[in-house]
Amino acid sequence: MLPKVKESIYIQSFKHDGSLHRTWAKGYVMEANVKRIVCVTNKTWVSESDGRKWVTREPAIYFFYPDKWFNVISMIRKTGIFYYCNIASPSIYDGESLKNIDYDLDLKVNPQYGWTILDEDEYAEHGKKMGYSEDLKKAIEKGLRQLIDLVESKKSPFDHDEVHAIYERYLEETQR
(Lines give C-alpha, C1' and ligand atoms only; values in the text may rest on other atoms or scores of the structure.)
Protein backbone atom coordinates (compact mmCIF):
# COMPACT_ATOMS: atom_id res chain seq x y z
CA MET A 1 0.00 0.00 0.00
CA LEU A 2 1.24 3.48 -0.87
CA PRO A 3 0.09 6.92 0.25
CA LYS A 4 -1.33 9.27 -2.35
CA VAL A 5 0.89 11.99 -3.78
CA LYS A 6 -0.13 15.48 -2.56
CA GLU A 7 -1.71 14.18 0.63
CA SER A 8 -0.42 14.71 4.16
CA ILE A 9 0.39 11.63 6.20
CA TYR A 10 1.35 10.89 9.79
CA ILE A 11 4.90 9.57 10.36
CA GLN A 12 5.76 7.29 13.29
CA SER A 13 9.06 5.93 14.51
CA PHE A 14 9.17 3.12 17.06
CA LYS A 15 11.90 1.36 19.03
CA HIS A 16 12.64 -2.37 18.75
CA ASP A 17 10.54 -3.14 21.84
CA GLY A 18 7.45 -1.60 20.18
CA SER A 19 7.49 1.64 22.16
CA LEU A 20 6.75 4.85 20.29
CA HIS A 21 9.94 6.88 19.73
CA ARG A 22 8.89 9.97 17.74
CA THR A 23 6.00 11.17 15.57
CA TRP A 24 5.60 13.87 12.94
CA ALA A 25 2.10 15.34 12.67
CA LYS A 26 2.24 15.52 8.89
CA GLY A 27 4.46 14.90 5.94
CA TYR A 28 3.33 16.16 2.54
CA VAL A 29 3.81 13.30 0.04
CA MET A 30 5.78 14.32 -3.05
CA GLU A 31 6.52 10.85 -4.39
CA ALA A 32 5.25 7.38 -3.55
CA ASN A 33 6.31 4.30 -5.46
CA VAL A 34 7.74 0.84 -4.82
CA LYS A 35 11.27 2.28 -4.48
CA ARG A 36 10.66 5.14 -2.05
CA ILE A 37 8.28 7.55 -0.39
CA VAL A 38 9.38 11.19 -0.34
CA CYS A 39 7.71 13.65 2.04
CA VAL A 40 8.23 17.31 2.92
CA THR A 41 7.78 18.79 6.36
CA ASN A 42 7.71 22.48 7.04
CA LYS A 43 6.90 23.87 10.50
CA THR A 44 5.53 20.46 11.51
CA TRP A 45 4.77 19.35 15.06
CA VAL A 46 7.05 16.59 16.34
CA SER A 47 6.22 14.61 19.49
CA GLU A 48 8.93 12.78 21.43
CA SER A 49 8.44 9.65 23.55
CA ASP A 50 9.21 11.62 26.72
CA GLY A 51 6.26 13.97 26.07
CA ARG A 52 8.22 16.88 24.62
CA LYS A 53 6.73 18.57 21.56
CA TRP A 54 8.41 20.94 19.16
CA VAL A 55 7.97 22.41 15.69
CA THR A 56 10.50 21.81 12.93
CA ARG A 57 12.48 24.98 12.19
CA GLU A 58 13.31 24.51 8.55
CA PRO A 59 11.83 22.75 5.56
CA ALA A 60 13.01 19.17 5.18
CA ILE A 61 12.73 16.47 2.55
CA TYR A 62 12.34 12.95 3.97
CA PHE A 63 13.33 9.86 2.00
CA PHE A 64 11.81 6.58 3.21
CA TYR A 65 12.53 3.20 1.64
CA PRO A 66 10.54 -0.06 1.79
CA ASP A 67 13.67 -2.16 1.25
CA LYS A 68 16.53 -0.27 2.90
CA TRP A 69 17.62 -0.15 6.53
CA PHE A 70 17.71 3.63 6.74
CA ASN A 71 15.82 6.82 6.07
CA VAL A 72 17.21 10.26 5.29
CA ILE A 73 16.11 13.74 6.31
CA SER A 74 17.57 16.55 4.21
CA MET A 75 17.22 19.86 6.04
CA ILE A 76 17.30 22.96 3.88
CA ARG A 77 19.09 25.77 5.70
CA LYS A 78 20.53 29.11 4.63
CA THR A 79 24.01 27.63 5.02
CA GLY A 80 23.29 24.60 2.81
CA ILE A 81 21.65 21.20 2.92
CA PHE A 82 22.35 19.13 6.01
CA TYR A 83 21.36 15.47 6.17
CA TYR A 84 20.32 13.48 9.21
CA CYS A 85 20.15 9.78 8.52
CA ASN A 86 18.46 7.26 10.77
CA ILE A 87 19.46 3.63 10.71
CA ALA A 88 16.00 2.10 10.81
CA SER A 89 13.94 -0.79 9.56
CA PRO A 90 12.48 -0.52 6.08
CA SER A 91 9.50 1.87 6.15
CA ILE A 92 5.94 0.72 5.61
CA TYR A 93 2.73 2.65 4.99
CA ASP A 94 -0.32 0.99 6.51
CA GLY A 95 -3.00 3.33 5.19
CA GLU A 96 -2.87 5.51 8.30
CA SER A 97 0.80 6.32 8.82
CA LEU A 98 4.32 5.73 7.57
CA LYS A 99 6.16 3.57 10.12
CA ASN A 100 9.63 2.27 10.88
CA ILE A 101 11.73 1.06 13.78
CA ASP A 102 14.62 3.34 14.77
CA TYR A 103 17.83 1.45 15.56
CA ASP A 104 19.67 4.24 17.33
CA LEU A 105 22.64 4.74 15.02
CA ASP A 106 22.52 7.99 13.06
CA LEU A 107 24.70 9.54 10.38
CA LYS A 108 25.00 13.32 10.28
CA VAL A 109 26.16 14.81 6.97
CA ASN A 110 27.16 18.43 6.32
CA PRO A 111 26.73 20.33 3.03
CA GLN A 112 30.31 19.47 2.00
CA TYR A 113 29.54 15.74 2.52
CA GLY A 114 31.59 15.34 5.68
CA TRP A 115 29.90 12.79 7.92
CA THR A 116 29.83 11.64 11.53
CA ILE A 117 28.32 8.50 13.07
CA LEU A 118 26.21 9.32 16.14
CA ASP A 119 24.78 7.36 19.08
CA GLU A 120 27.01 4.29 18.95
CA ASP A 121 26.75 4.02 22.75
CA GLU A 122 22.93 4.09 22.60
CA TYR A 123 23.01 1.40 19.88
CA ALA A 124 25.21 -0.88 22.03
CA GLU A 125 23.05 -0.27 25.13
CA HIS A 126 19.75 -0.92 23.35
CA GLY A 127 21.21 -3.92 21.52
CA LYS A 128 21.87 -5.60 24.86
CA LYS A 129 18.69 -4.37 26.57
CA MET A 130 16.33 -5.27 23.70
CA GLY A 131 18.20 -8.31 22.44
CA TYR A 132 19.11 -7.35 18.88
CA SER A 133 19.82 -10.60 17.03
CA GLU A 134 22.99 -11.18 15.02
CA ASP A 135 20.97 -11.04 11.77
CA LEU A 136 19.46 -7.71 12.83
CA LYS A 137 22.90 -6.31 13.69
CA LYS A 138 24.16 -7.38 10.25
CA ALA A 139 21.23 -5.62 8.53
CA ILE A 140 21.88 -2.47 10.59
CA GLU A 141 25.61 -2.47 9.78
CA LYS A 142 24.86 -3.07 6.08
CA GLY A 143 22.43 -0.11 6.11
CA LEU A 144 25.11 2.12 7.63
CA ARG A 145 27.68 1.05 5.02
CA GLN A 146 25.18 1.67 2.19
CA LEU A 147 24.46 5.14 3.55
CA ILE A 148 28.14 6.06 3.75
CA ASP A 149 28.66 4.81 0.17
CA LEU A 150 25.75 6.97 -1.04
CA VAL A 151 27.11 10.03 0.78
CA GLU A 152 30.59 9.57 -0.65
CA SER A 153 29.24 9.10 -4.18
CA LYS A 154 26.81 12.06 -3.72
CA LYS A 155 24.02 9.91 -5.14
CA SER A 156 20.34 10.25 -4.29
CA PRO A 157 19.20 11.18 -1.70
CA PHE A 158 22.48 13.09 -1.18
CA ASP A 159 22.21 15.01 -4.43
CA HIS A 160 21.75 18.69 -3.53
CA ASP A 161 20.16 19.45 -6.93
CA GLU A 162 17.55 16.71 -6.44
CA VAL A 163 16.67 18.02 -2.96
CA HIS A 164 16.30 21.59 -4.25
CA ALA A 165 14.15 20.40 -7.18
CA ILE A 166 11.80 18.48 -4.87
CA TYR A 167 11.51 21.48 -2.57
CA GLU A 168 10.78 23.86 -5.47
CA ARG A 169 8.08 21.49 -6.70
CA TYR A 170 6.63 21.39 -3.17
CA LEU A 171 6.48 25.20 -3.05
CA GLU A 172 4.77 25.34 -6.45
CA GLU A 173 2.17 22.76 -5.40
CA THR A 174 1.39 24.18 -1.98
CA GLN A 175 1.41 27.90 -2.74
CA ARG A 176 -1.22 27.87 -5.49
Side-chain angles (χ1 to χ4, degrees), residues 2-3 5-6 8-9 11-14 21-24 26-44 46 54-93 97-123 136-174:
L2 292 169
V5 172
K6 298 184 182 182
S8 289
I9 62 171
I11 301 168
Q12 296 178 304
S13 177
F14 295 87
H21 172 54
R22 180 175 293 131
T23 63
W24 289 260
K26 64 178 181 175
Y28 182 85
V29 180
M30 295 298 299
E31 181 182 325
N33 56 51
V34 295
K35 292 190 179 205
R36 68 185 191 181
I37 297 171
V38 179
C39 298
V40 176
T41 64
N42 194 3
K43 303 210 181 332
T44 298
V46 178
W54 51 279
V55 177
T56 58
R57 292 180 299 195
E58 66 259 323
I61 315 295
Y62 289 64
F63 296 86
F64 297 99
Y65 302 92
D67 62 346
K68 296 185 183 344
W69 282 80
F70 57 81
N71 58 69
V72 177
I73 305 167
S74 50
M75 297 164 288
I76 302 168
R77 298 180 179 157
K78 290 178 184 167
T79 55
I81 298 173
F82 291 78
Y83 300 89
Y84 197 89
C85 313
N86 298 291
I87 300 301
S89 68
S91 298
I92 60 164
Y93 180 70
S97 63
L98 187 59
K99 299 177 179 181
N100 61 61
I101 299 169
D102 181 286
Y103 282 105
D104 317 307
L105 287 176
D106 301 308
L107 188 72
K108 191 166 113 174
V109 182
N110 67 36
Q112 295 76 37
Y113 297 101
W115 53 267
T116 307
I117 298 172
L118 304 174
D119 301 329
E120 291 175 282
D121 52 341
E122 184 181 349
Y123 170 68
L136 176 59
K137 289 178 190 176
K138 285 178 186 172
I140 290 167
E141 290 164 14
K142 181 180 177 186
L144 182 59
R145 281 193 311 275
Q146 287 175 327
L147 261 177
I148 291 168
D149 289 346
L150 287 171
V151 169
E152 291 180 345
S153 67
K154 301 177 179 80
K155 290 184 178 173
S156 180
F158 301 100
D159 176 346
H160 294 335
D161 292 336
E162 176 189 30
V163 171
H164 282 300
I166 292 168
Y167 185 60
E168 288 302 316
R169 213 170 78 236
Y170 163 79
L171 290 176
E172 288 172 12
E173 288 179 14
T174 59

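All figures in this text were calculated on a predicted structure; none of them were measured in a lab.
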I'd like to know whether Thr44 forms a side chain to side chain contact (heavy atoms under 4.5 Å, CB included) with Val55, so could you lay out the CA-CA distance, the side-chain angles of the two residues, the decisive distance to 0.1 Å, and finally the verdict. CA-CA 5 Å; Thr44 298; Val55 177; 6.0 Å; no

Residues Val163, Ile76; criterion side chain to side chain contact (heavy atoms under 4.5 Å, CB included); working and verdict: CA-CA 8 Å; Val163 171; Ile76 302 168; 4.1 Å; yes

Can you list the steps and then say if Gln12 with Thr23 is a side-chain hydrogen bond (donor to acceptor under 3.5 Å, both in side chains)? CA-CA 5 Å; Gln12 296 178 304; Thr23 63; over 6 Å; no

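When all heavy atoms are compared, the tightest approach of Asn86 to Ile73 is ND2-CD1, 3.8 Å. Smallest separation of non-hydrogen atoms from Asp67 and Lys35: OD1-O, 4.3 Å. Closest of all the heavy-atom pairs between Ser74 and Phe63 is OG-CE1, 3.7 Å. Contact record, Tyr113 with Asp159: OH-CA, 4.3 Å, taken as the closest heavy-atom pair. The shortest non-hydrogen separation linking Thr41 to Lys26 is CG2-O, 3.5 Å. Here the closest heavy-atom approach between residue Thr56 and residue Lys43 is recorded as OG1-N, 3.1 Å.
For the atom pair CD (Glu168) and CD (Glu173), the distance works out to 12.0 Å, reported to the nearest 0.5 Å. Taking CD of Glu58 as the start and CE of Met75 as the end, the distance is 6.0 Å to the nearest 0.5 Å. Remark: Asp119 CG to Thr116 OG1 distance equals 11.5 Å, nearest 0.5 Å.
With Ile37 as the partner, the side chain to side chain contact (heavy atoms under 4.5 Å, CB included) test is satisfied by one option alone out of Leu98, Ile92, Ile11, Val5: Leu98. If you run side chain to side chain contact (heavy atoms under 4.5 Å, CB included) between Leu107 and each of Leu150, Ile87, Leu147, only Leu147 comes through.
A 4.5 Å side-chain heavy-atom check between Ile101 and His21 finds every atom pair outside the cut-off. Contact check for Ile140 versus Leu105: side-chain heavy atoms found under the 4.5 Å cut-off. A 4.5 Å side-chain heavy-atom check between Tyr28 and Ser8 finds at least one atom pair inside the cut-off. The shortest distance between side-chain heavy atoms of Ile61 and Val38 falls below 4.5 Å. Here the side chains of Tyr83 and His160 are in contact, with some heavy-atom distance below 4.5 Å. Using a 4.5 Å heavy-atom cutoff, the side chains of Glu122 and Asp104 are in contact. With contacts defined as side-chain heavy-atom distances shorter than 4.5 Å, the pair Asp106/Ile117 does not qualify. The closest side-chain heavy-atom distance from Tyr170 to Cys39 is not below 4.5 Å.
With no hydrogens or angles considered, a side-chain donor-acceptor pair links Trp115 and Glu152 at under 3.5 Å.
In this structure a side-chain-to-backbone donor-acceptor pair under 3.5 Å is missing from Arg77 to Phe82.
Not counting sequence neighbours, Gln146 has no partner by the side chain to side chain donor-acceptor pair (under 3.5 Å) test. Scanning for side-chain contact (heavy atoms from CB on, under 4.5 Å) contacts around Asn100 gives Ser13, Phe64, Asn71, Ala88, Ser89, Ser91, with sequence neighbours left out. For the side chain to side chain donor-acceptor pair (under 3.5 Å) test, no residue two or more places apart in sequence or in another chain qualifies with Lys68.
In this structure, Glu162 pairs ionically with Arg36, as a charged nitrogen and a carboxylate oxygen lie closer than 4.0 Å.
Not less than 6.0 angstrom separates the ring centroid of Tyr103 from the ring centroid of Tyr123.
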